[in-house]
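What you see below is based on every heavy atom in this structure, not just the backbone, and it leaves out hydrogens, waters and symmetry mates. Please read these numbers as outputs of a predicted model, since none were measured by experiment. Within every chain, numbering begins at 1; the chains are lettered A, B, ... in the order of the sequence lines, protein sequences first and strands thereafter.
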Number of protein chains: 2
Amino acid sequence: MNEPSLIALEPSIGVTLTDRLFDALQRAIVEGEIPQGSKISEPELARRHGVSRGSLRAAIARLEACKLVERKPNLGARVVELSAEQLIELFQLREALEGMAARLAAQAMTAAEIDALGALLEQHGQQIEQEQGQAYFQQQGDLDFHFRIVQGSKNRQLIALLCEDLYHLLRMYRVQFGMRSQRSRHAFDEHCYLLNAIRARDPEMAELVMRQHVRSSRRHLEQALA
Amino acid sequence: MNEPSLIALEPSIGVTLTDRLFDALQRAIVEGEIPQGSKISEPELARRHGVSRGSLRAAIARLEACKLVERKPNLGARVVELSAEQLIELFQLREALEGMAARLAAQAMTAAEIDALGALLEQHGQQIEQEQGQAYFQQQGDLDFHFRIVQGSKNRQLIALLCEDLYHLLRMYRVQFGMRSQRSRHAFDEHCYLLNAIRARDPEMAELVMRQHVRSSRRHLEQALA
DNA sequence: CGCAAGCAAAGTGTCAACACCTTTTCGGTT
DNA sequence: AACCGAAAAGGTGTTGACACTTTGCTTGCG
């Protein structure tokens with residue numbers, strides 16, 4: 001996205017069949033098209049997607065790595081069950097990880113990245129002002145914002161963890177639990193505080209704000225689920 | 001381990017061929033038997049282990065999930081490269097995650113678990129006193145200790161993350177970088193501080209001590225690698 | 001002599017078939 | 001009629017073979 005597209009990119013960005021299968025299944029699971037806890041029949045899925053079982057199994061293995069499905073030997077794979085308890089645990093984890101991301105981002109983000117983040121936030125502000133595109137865009141916007149903070153940390157271990165593994169699991173929870181968050185205005189303000197902390201290059205403040213932000217989401221959830 | 005063994009355990013704990021392959025390869029990579037950055041030839045490995053390529057590919061997929069190998073489409077899989085930079089990043093991550101684990105463990109560990117942890121530490125103390133079994137046992141002991149803290153957090157997301165994914169990667173770094181830590185005495189003292197904080201049920205103190213502990217390891221590393 | 005195009009070898013991605021395990025159903029027994 | 005055991009059906013684990021991509025080498029041309 002940032003790099004000029006002329007500079008030698010990875011040789012042969014071959015998109016394999018397993019890749020497409022993985023994307024399709026991931027989307028289907030996140031959207032709830034394949035319901036929670038349901039068993040995944042390899043022959044049936046393979047037939048419905050018109051592929052062999054081998055490719056499908058490879059895709060399922062990746063889903064297992066994202067914790068979207070659980071497989072038991074000789075019993076097959078089931079879509080993960082979403083207990084409210086585990087959702088809370090996931091948010092606890094986010095608090096620690098994204099707090100760390102914010103702290104590092106305050107040190108490592110480039111001026112250009114910070115400006116781009118500011119532009120994104122301004123756009124979000126307008127959308128909220130107009131009270132339109134509420135549900136989907138605001139949620140997607142929230143994810144985008146957090147996504148950029150994580151990228152800004154420049155810690156590859158952390159980026160891989162949050163953006164490749166836990167990201168989809170979080171999206172699944174969001175979609176399936178409804179989460180028509182009435183606190184988007186609140187969240188937007190907190191995002192602005194965080195941007196200010198990053199602009200000021202204040203790591204401690206950035207971590208504090210981010211942790212508080214995630215904790216607010218969690219508390220809001222705990223009430224909604226209780 | 002804790003549950004009475006009569007209560008219905010999982011039906012059929014079948015150990016599949018892929019499981020054994022995964023374990024063998026994981027060990028080989030962690031021990032450095034298969035060197036860093038080396039390409040993994042599927043036909044050769046399949047032949048050497050006397051299995052089909054299909055099973056091998058499944059095992060490699062799991063290794064990829066642990067971040068022990070990286071695979072690129074049509075180019076094959078390579079054992080991950082261990083840069084000093086990424087090692088530092090991994091320790092930054094550990095600081096956040098294990099700090100969180102310690103905080104939660106101070107709240108959630110049972111009295112029995114805390115006692116067992118104390119017994120383990122006492123044993124470590126004797127080993128250090130006798131200055132015997134230095135290298136291997138002390139490293140293994142350190143991992144065991146951290147392992148139990150993580151388990152004690154009772155946060156399943158965190159446990160899965162640290163004990164199933166990042167654990168082996170950390171072991172790999174330890175083994176391959178030598179890490180004949182001369183600070184075992186230091187580490188032991190810090191473990192004792194942490195145990196005390198947990199005994200006192202003081203979450204904040206526990207997190208502080210753990211973060212400091214991991215940070216010390218990191219600083220020690222940064223000096224050794226500079 | 002150097003370089004590009006093309007060819008051969010090796011390797012990965014994909015597929016269909018076989019073997020073993022699990023579950024269900026059917027028949028026999030108490 | 002209910003329960004136990006065995007056979008059949010469905011599903012997963014594993015295998016070997018085929019198709020396409022990449023790589024290294026050879027060959028022909030500048």
Side-chain angles (χ1 to χ4, degrees), chain A residues 8-26 28-29 34-81 164, chain B residues 7-26 28-29 34-81:
Chain A
L9 49 151
E10 307 284 330
S12 104
I13 331 127
V15 173
T16 168
L17 173 57
T18 300
D19 291 332
R20 288 196 297 272
L21 259 178
F22 172 68
D23 288 341
L25 290 179
Q26 183 181 260
I29 291 178
I34 306 177
Q36 313 174 18
S38 68
K39 182 160 170 8
I40 293 180
S41 168
E42 294 182 1
E44 182 192 337
L45 259 191
R47 187 175 44 75
R48 285 182 47 183
H49 287 260
V51 299
S52 126
R53 267 187 57 221
S55 310
L56 184 84
R57 280 173 67 84
I60 293 180
R62 289 200 212 167
L63 291 174
E64 197 182 2
C66 299
K67 313 268 197 279
L68 287 178
V69 308
E70 289 172 350
R71 165 179 275 165
K72 296 193 174 166
N74 291 316
L75 294 183
R78 309 188 81 90
V79 178
V80 70
E81 290 273 5
E164 288 168 25
Chain B
I7 294 187
L9 51 148
E10 308 285 329
S12 107
I13 332 128
V15 173
T16 168
L17 173 57
T18 300
D19 291 333
R20 288 196 298 273
L21 259 178
F22 172 68
D23 288 341
L25 291 179
Q26 183 181 262
I29 291 178
I34 305 176
Q36 314 175 17
S38 69
K39 182 159 169 12
I40 293 180
S41 167
E42 295 182 2
E44 182 192 338
L45 258 192
R47 188 175 43 76
R48 285 182 47 184
H49 286 261
V51 299
S52 123
R53 267 187 58 219
S55 310
L56 185 83
R57 281 172 67 84
I60 293 181
R62 288 201 213 168
L63 292 174
E64 197 183 3
C66 300
K67 313 265 198 274
L68 287 177
V69 308
E70 288 173 352
R71 164 177 279 168
K72 296 190 175 167
N74 291 317
L75 293 183
R78 309 188 81 91
V79 178
V80 70
E81 290 273 4

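A straight line from CZ of A/Arg20 to P of C/dG13 spans 13 Å, rounded to a whole angstrom. Separating the CG atom of A/Leu17 from the P atom of C/dT12 is a distance of 18 Å, rounded to the nearest angstrom. Computed from coordinates, the B/Asn74 CG to C/dG13 P distance equals 6 Å when rounded to whole Å. Put simply, CG on B/Leu21 is 14 Å from P on D/dG13, counting in whole angstrom units.
Across A/Val79 and A/Gln36, no two heavy atoms sit closer than the pair CG1-CA, 4.0 Å. Heavy atoms only, all atoms of each residue included: B/Ala77 and B/Ile60 are closest at CB-CG2, 4.0 Å. Taking both residues in full, the closest heavy atoms of A/Ala24 and A/His49 are given as CB-CE1, 4.4 Å, listed atom of the first, atom of the second, then distance.
In this structure, the nucleotide among C/dG11, D/dG11, C/dG13 sitting nearest to the side chain of B/Arg71 is C/dG13. Out of D/dT14, C/dT14, D/dG11, the shortest distance to the side chain of A/Thr16 is found at C/dT14. You'll find that the side chain of A/Glu42 is closest to D/dT12, out of D/dT15, C/dG13, D/dT12.
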Strictly under 3.5 Å: I want the nitrogen or oxygen pairs between protein and nucleotides 23-25 of chain D, one per line.
none

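At a threshold of 4.0 Å, the pair A/Glu42-A/Arg71 counts as salt-bridged, since one of the basic side-chain nitrogens sits closer than that to a carboxylate oxygen.
Listed pair A/Thr18 / C/dG13 fails the phosphate criterion, with no side-chain N or O lying under 4.0 Å from OP1 or OP2. Listed pair B/Lys39 / C/dT12 meets the phosphate criterion, a side-chain N or O lying under 4.0 Å from OP1 or OP2.
You'll find the side chain of A/Thr16 stays beyond 4.5 Å of the side chain of A/Leu21, heavy atoms only. A heavy-atom distance below 4.5 Å is found between the side chains of B/Phe22 and B/Cys66. Residues A/Gln26 and A/Leu68 have side chains in contact (heavy-atom distance under 4.5 Å, counting atoms from C-beta outward). Residues B/Leu56 and B/Leu25 form a side-chain contact, since some pair of their non-hydrogen atoms from C-beta on lies under 4.5 Å apart.
Within residues 44-70 of chain A, the residues having any heavy atom closer than 4.0 Å to DNA chain D are, in order of number, A/Arg53, A/Arg57.
Legend: residues meeting side chain to side chain donor-acceptor pair (under 3.5 Å) with B/Asp19, ordered by chain and number and at least two apart, are B/Arg62. In this structure, the salt bridge (charged side-chain N to carboxylate O under 4.0 Å, His left out) partners of B/Glu44, at least two apart in sequence or on a different chain, are B/Arg48. The salt bridge (charged side-chain N to carboxylate O under 4.0 Å, His left out) search around A/Arg47 returns none, not counting sequence neighbours.
Among the heavy atoms of the strands lying under 4.0 Å from A/Ile40 are primed sugar atoms or P, OP1, OP2 only; no base atom is included.
In the helix from C/dC1-D/dG30 to C/dT30-D/dA1, the terminal helix axes, each the rotation mapping four pairs' C1' atoms onto the next four within five end pairs, subtend 0°, rounded to 10°.
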